[in-house]
Student: 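If you scroll down you'll find the structure; I have some questions about it.
Keep in mind the model is a prediction, meaning the values are calculated, not measured. A note on names: the letters A, B, ... follow the listed sequences, proteins ahead of strands, and every chain is numbered from 1.
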Protein chains: 2
Amino acid sequence: MEPPAPQRRVTIVDVARHAQVSTTAVSKVLRNAYGASPEMRAKVRRAIDELGYRPLAAARGLRGQTYTIGVMLPDIRNPFFPEILDGITGHLADTDYQVFLGPGGCNDEQAEARVTDAMIDRGMDGIILIAPVSSRARLEHIASAVPAVVVGRHGHSAVYDTVTDDDMAGASLVVGHLAGLGHRRIAHIEHRETDATRRAEMPNAQRADGYRRAMQAIGLAEEIDVVSTSYTQQGGYEGARQLLARPRRPTAVFAGADIVAMGVLEAVAEAGLSVPGDISVAGYDNTTFASFGPISLTSVDQAGHDIGGNAARLLLERIADRQKTSVQVKLSPMLVPRRTTAAPQA
Amino acid sequence: MEPPAPQRRVTIVDVARHAQVSTTAVSKVLRNAYGASPEMRAKVRRAIDELGYRPLAAARGLRGQTYTIGVMLPDIRNPFFPEILDGITGHLADTDYQVFLGPGGCNDEQAEARVTDAMIDRGMDGIILIAPVSSRARLEHIASAVPAVVVGRHGHSAVYDTVTDDDMAGASLVVGHLAGLGHRRIAHIEHRETDATRRAEMPNAQRADGYRRAMQAIGLAEEIDVVSTSYTQQGGYEGARQLLARPRRPTAVFAGADIVAMGVLEAVAEAGLSVPGDISVAGYDNTTFASFGPISLTSVDQAGHDIGGNAARLLLERIADRQKTSVQVKLSPMLVPRRTTAAPQA
DNA sequence: CACCGCTTGGGCAACGTTACCCAAATTCGC
DNA sequence: GCGAATTTGGGTAACGTTGCCCAAGCGGTG
């Protein structure tokens, strides 16, 4: 018993035959290339529709373009990334490009390499790296193989463009907000960073620096108090425990990320203290759950959609001209005050 | 001024020349195919490493395989999907396959079609569709073009495998839990479904059915109370407002999804009622935020990791044998009681 | 009328890989 | 020690698309 005809895919040759033209002509129509009359175009398009033809990306890839753009996400769980992604897909919606996401395995440098290599192997036309943890050299290596845009790294490179949030300014907003409410003992929980280059480029480090500068700027240098853990719920919990054990307890905690703030809230509740009564808490990223009623976390909103849109725009520009000089876009964040911050108790 | 040599990619021919063997031999080594001696393998591998050669997926695709698997996610925001994804990538980690995610644009049938078509055009070796909203016919169409596994649809098809959570049982767990605490007036908020086929296949409908059956089974048929909105925060908020306006207010609300429960909590707080004192609330999916301290939502945990693992396994089996009879896997969910449910007030 | 430039269409050779074949060398069975 | 079977390696023709080139036709110009 035979399988019922393995049904070959319709190719450009079938279309050409059906429309009684050459394959070259069909190819020209597909790519909106020069050298095809309106009548020709119409005829070919009709044949394409009648046969339900779709160009095979692999074959196109062998000749150059795949019409595919890769986006590397280090961690799909981070609720901030979808915003960026929407910005990207929105900008690319009416182009011929299709976006695929590469799951970068939670901040793991090796997993990142695997995914980016896979994207290059698949001949993707360009890639967007979101908050990569890879080394500088590695990023430049990638960018030399394929047009690339890096999101969320402050370093400046000649071969790739960058789009970032102004984390320094964001931290400043938080400190300003808390100080404005009357707080003086404002502590910060940061993500520990050991590597020197990354210290300069990663957003977490910028937030910590921004915190320090802002504290100094408003005359609270004496009160600077930074705990180094990690940007996880656990990290927030541990950081808060340390802060709560201080002889002079801080009256406000600026957590470097919303997820960290979740851990802080837990530790605070466990210590029998109330928020914002006994202690104010602010996060960063304005993730979806920050707005949930029972949480209602004061946070900093990065213009995720704009970040994504700009990244896509720059990538298209770079695909069009690989030699163009690199661009750095820095967008301004916004403070979203909610119910976890209030004036300190008298 | 010349650009500094456009650096051609290393190809299989370069490797063959460098190792002084034929391209066929190199290809055999790459694919672990039959017909290459151990010495040959060693020699070729050395050459590969020395040149840093990586096979071009596009060229492979033209000959059949791309070693790429596509996963369609209808909504990256849904915090339940990462679990599934981990299960998939975990299962595929030590194979040669690479996973790429297609962003399916929030429950939009057309966007889904665009992504799945794109995957087929790119010659992907297999695709996993997570909670697709597309019609039955469309799913079968896809599955006839490429090996496919559908996750989160209860329908049975001959051409694709399915992996689902036993939503009926999950709903039963919630009702049982609440009834066990002493509740009788247990209401449910469901996602409105108009299409008939989907009513039978979609998890949301199964949860609603499971709720009804469970209520009947324990003699609470009289108390069945279902509000139809949507699986969104807004839907939960509106649903809860309706329920709270009832002359006999329910003492417990079973929300069809965690995000719905968030809306419920908000409406309840707004009405000046307390949880679980005045009203108990349960969700479904056990998403990350359900466990956050200030929320602590009773929910149902689907074995996301197992779902993903099974989906990947079935897909590999189907890739190996496209004619094999289809399989349906149904996994059992687990109740996770937290602080939003308690005995009703006397 | 010779010449030029432009438009329209097609022929052909890649692109990098693998499936299918065949040839030579080696081992096995008796 | 001879034919048969098995192992090992290579030659070659696709796979579907596009970039480069060329040819024919056409209108305008000097």
Student: Taking side chain as C-beta onward, heavy atoms only, is A/Leu30 less than 4.5 Å from A/Arg60?
Tutor: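 Of all side-chain heavy-atom pairs linking A/Arg60 with A/Leu30, at least one is under 4.5 Å.
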Student: Please list, in 5' to 3' order, the outermost nucleotides of DNA chain C lying under 4.0 Å from any heavy atom of chain B.
Tutor: C/dG16 to C/dA19
Student: Looking only at atom types and distance, does a side-chain atom of A/Ser326 sit under 3.5 Å from a main-chain N or O of A/Ser157, one as donor and one as acceptor?
Tutor: yes
Student: So do the side chains of B/His156 and B/Gln328 get within less than 4.5 Å of each other, counting heavy atoms only?
Tutor: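 Side chain of B/His156 against side chain of B/Gln328, heavy atoms only: contact under 4.5 Å found.
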Student: Could you check whether any side-chain heavy atom of B/His91 comes within less than 4.5 Å of a side-chain heavy atom of B/Tyr97, counting everything from C-beta outward?
Tutor: no
Student: For residues 40-48 of chain A, which residues have at least one heavy atom under 4.0 Å from DNA chain D?
Tutor: none
Student: Using a cut-off of 4.0 Å between protein heavy atoms and nucleotide atoms, how would you tag nucleotides 12-24 of chain D 5' to 3' with B, S and -?
Tutor: B-BBBBBB-----
Student: Looking at A/Arg138 and A/Asp117, is there a salt bridge between them, counting it only when a charged N and a carboxylate O are closer than 4.0 Å?
Tutor: yes
Student: Decide, yes or no, whether a salt bridge links B/Arg136 with B/Glu201 under the criterion of side-chain N to carboxylate O below 4.0 Å.
Tutor: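 Yes, charged N to carboxylate O under 4.0 Å.
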Student: Looking at A/Asp14 and A/Arg9, is any side-chain nitrogen of the basic one under 4.0 Å from a carboxylate oxygen of the acidic one?
Tutor: no
Student: Could you tell me whether B/Ala36 contacts a base, only the sugar-phosphate backbone, or nothing, with contacts defined as non-hydrogen atoms closer than 4.0 Å?
Tutor: sugar-phosphate
Student: Between A/Lys43 and A/Glu39, is the closest basic N to carboxylate O distance under 4.0 Å?
Tutor: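 No, this pair does not count.
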Student: So B/Lys28 and B/Val44, do their side chains get closer than 4.5 Å, heavy atoms only?
Tutor: no
Student: Would you mind checking if A/Asp165 and A/Lys330 are paired as a salt bridge, meaning a charged N to carboxylate O distance below 4.0 Å?
Tutor: no
